[in-house]
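Nothing fancy with the numbering, it's 1 onward along the sequence. Just so you know, these numbers use all the heavy atoms, side chains as well, and skip hydrogens, waters and symmetry mates.
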Amino acid sequence: MATGLAKAVKSCAAALLPQDCFLCAAPADDKLLCPSCAAGLPYLSAARCPVCALPTPDSSVCGACLKQPPHFDATHAVFRYEAPIDSLVQALKYAHRLASADFLGSALAQIAVPLRPDLIVPVPLSRARLVERGFNQAVEIARPLARALGTALELDHIHRRRDTRPQASLPWKERAKNIRHAFECDLDLGGKTVLVVDDVMTTGATLDELARTLKAHGASRVENRVLARALKDRGPL
């Protein structure tokens with residue numbers, strides 16, 4: 001009954017307060033994007049490295065992952081990190097456009113999961129960054145995924161232990177050093193499969209360091225699920 005009432009209220013609200021498309025301002029009913037903009041989003045090609053999600057000709061493991069395997073075992077991504085996905089992500093992170101979290105989180109939840117995870121871990125923010133921003137965007141986009149999989153979000157026992165410099169402000173070669181030993185975990189993850197969620201993967205340094213921490217606490221497999229992948233060779237992690 002409650003669910004039906006909620007749907008009815010949402011439907012009435014959409015009729016009374018139609019929403020304009022976030023990208024082009026065309027009518028979008030109760031959606032974040034109009035059908036045209038939604039259809040034109042830069043979906044990532046299926047031919048990509050199964051470990052880091054960079055494009056490869058035949059979906060084989062890329063040379064960088066063969067030469068220096070990261071601590072995570074797989075990466076699943078939805079979009080290429082380019083316009084207009086970058087605008088949607090930045091609106092969520094920096095303009096508190098939380099309406100985009102539902103849209104992006106729903107897109108994230110559409111990826112099939114080969115292995116059912118034991119828990120979902122949104123990449124933690126430092127305490128200072130969380131106070132500054134007011135929310136963790138990784139948590140917000142992970143919520144629809146957790147509901148779809150029926151898997152609990154782990155929000156209490158895995159932390160960012162120190163406030164690192166923003167990765168985006170650093171040259172690629174310095175990002176691994178910046179994030180080293182940034183996470184702590186007080187869970188026994190013995191034999192568990194962990195699904196880590198984040199908005200954007202660039203070099204993969206943050207995800208690699210978090211995976212290193214999770215495996216040091218017993219995780220048998222760590223897979224990433226990210227909204228967008230920056231299409232540039234990650235170089236050494």
Side-chain angles (χ1 to χ4, degrees), residues 6-49 52-55 75-113 120 122-123 125 129-130 132-149 153 166-169 172 195-204 206-207 224-234:
K7 288 182 177 179
V9 170
K10 184 176 181 180
S11 178
C12 290
L16 295 173
L17 300 171
Q19 176 173 296
D20 290 340
C21 174
F22 175 78
L23 296 175
C24 74
D29 297 326
D30 62 339
K31 305 292 194 300
L32 182 71
L33 303 182
C34 69
S36 178
C37 286
L41 293 176
Y43 284 90
L44 193 62
S45 167
R48 55 185 183 261
C49 172
C52 73
L54 282 178
T75 299
H76 312 279
V78 185
F79 303 108
R80 302 187 301 274
Y81 189 56
E82 58 187 53
I85 290 298
D86 54 355
S87 297
L88 291 174
V89 171
Q90 290 165 19
L92 171 60
K93 292 174 69 170
Y94 305 120
H96 292 199
R97 184 68 184 259
L98 290 175
S100 62
D102 286 338
F103 174 83
L104 296 172
S106 295
L108 199 68
Q110 298 305 309
I111 307 176
V113 180
I120 296 173
V123 173
L125 288 179
R129 192 68 51 79
L130 187 58
E132 175 188 338
R133 191 171 294 169
F135 67 99
N136 180 348
Q137 74 281 354
V139 172
E140 298 308 315
I141 63 175
R143 293 189 192 281
L145 174 63
R147 289 194 295 269
L149 296 180
L153 289 176
Q167 292 286 79
S169 70
W172 285 44
L195 191 62
V196 173
V197 173
D198 205 4
D199 53 356
V200 180
M201 180 177 182
T202 50
T203 64
T206 298
L207 293 166
N224 304 317
R225 183 176 288 211
V226 298
L227 278 172
R229 182 65 164 99
L231 300 188
K232 183 176 178 181
D233 182 21
R234 63 173 170 83

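Across all their heavy atoms, F22 and A91 have their closest contact at CZ-CB, 3.5 Å. Scanning both residues, P27 and D20, for their nearest heavy atoms gives CA-OD1, 4.3 Å. The two residues L92 and L98 come nearest to each other via the heavy atoms CD1-CD2, 3.8 Å. Residues V78 and A107 share a closest heavy-atom pair of CG2-O, 3.8 Å. Closest non-hydrogen pair, I120 versus A146, comes out as CD1-CA, 3.7 Å. Shortest non-hydrogen contact noted between I141 and A101 is CG2-O, 4.1 Å.
Between the side chain of D199 and the main chain of L227, no donor-acceptor pair closer than 3.5 Å is present. In terms of modelled atom types and a separation under 3.5 Å, the side chain of R80 and the main chain of Y43 share a donor-acceptor contact. A side-chain donor-acceptor contact under 3.5 Å links R225 to the backbone of L108.
In this structure, L130 CG and L125 CG are separated by 6.0 Å, a value rounded to the nearest 0.5 Å. Interatomic distance, NZ of K31 versus CG of D102, reported as 12.0 Å (0.5 Å rounding).
Contact annotation: the side chain of Q137 never approaches that of L104 to less than 4.5 Å [non-hydrogen atoms, C-beta and beyond]. Side-chain contact between C52 and R229 is present, with heavy atoms from C-beta onward closer than 4.5 Å. Within the 4.5 Å cutoff, the side chain of D198 has no heavy atoms near those of the N224 side chain. C34 is listed as a side-chain neighbour of C24, based on a closest heavy-atom distance under 4.5 Å. Counting heavy atoms from C-beta outward, C37 and C21 have side chains that approach closer than 4.5 Å. Within the 4.5 Å cutoff, the side chain of T75 has no heavy atoms near those of the L207 side chain.
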*So L32 and Q19, side-chain contact (heavy atoms from CB on, under 4.5 Å) or not? Walk me through it.*
CA-CA 7 Å; L32 182 71; Q19 176 173 296; 4.2 Å; yes

*L33 vs L41, side-chain contact (heavy atoms from CB on, under 4.5 Å): CA-CA, chis, key distance, verdict*: CA-CA 10 Å; L33 303 182; L41 293 176; 4.0 Å; yes

_side-chain contact (heavy atoms from CB on, under 4.5 Å) evaluation trace for L88 with I85_ = CA-CA 5 Å; L88 291 174; I85 290 298; 4.0 Å; yes

*CA sep, side-chain torsions, deciding dist, call: L231, L44, side-chain contact (heavy atoms from CB on, under 4.5 Å)*: CA-CA 10 Å; L231 300 188; L44 193 62; 3.7 Å; yes

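Note on ring orientation: taking the six-membered ring where Trp is involved, the planes of H96 and F135 are perpendicular (angle over 60°, cut-offs 30° and 60°).
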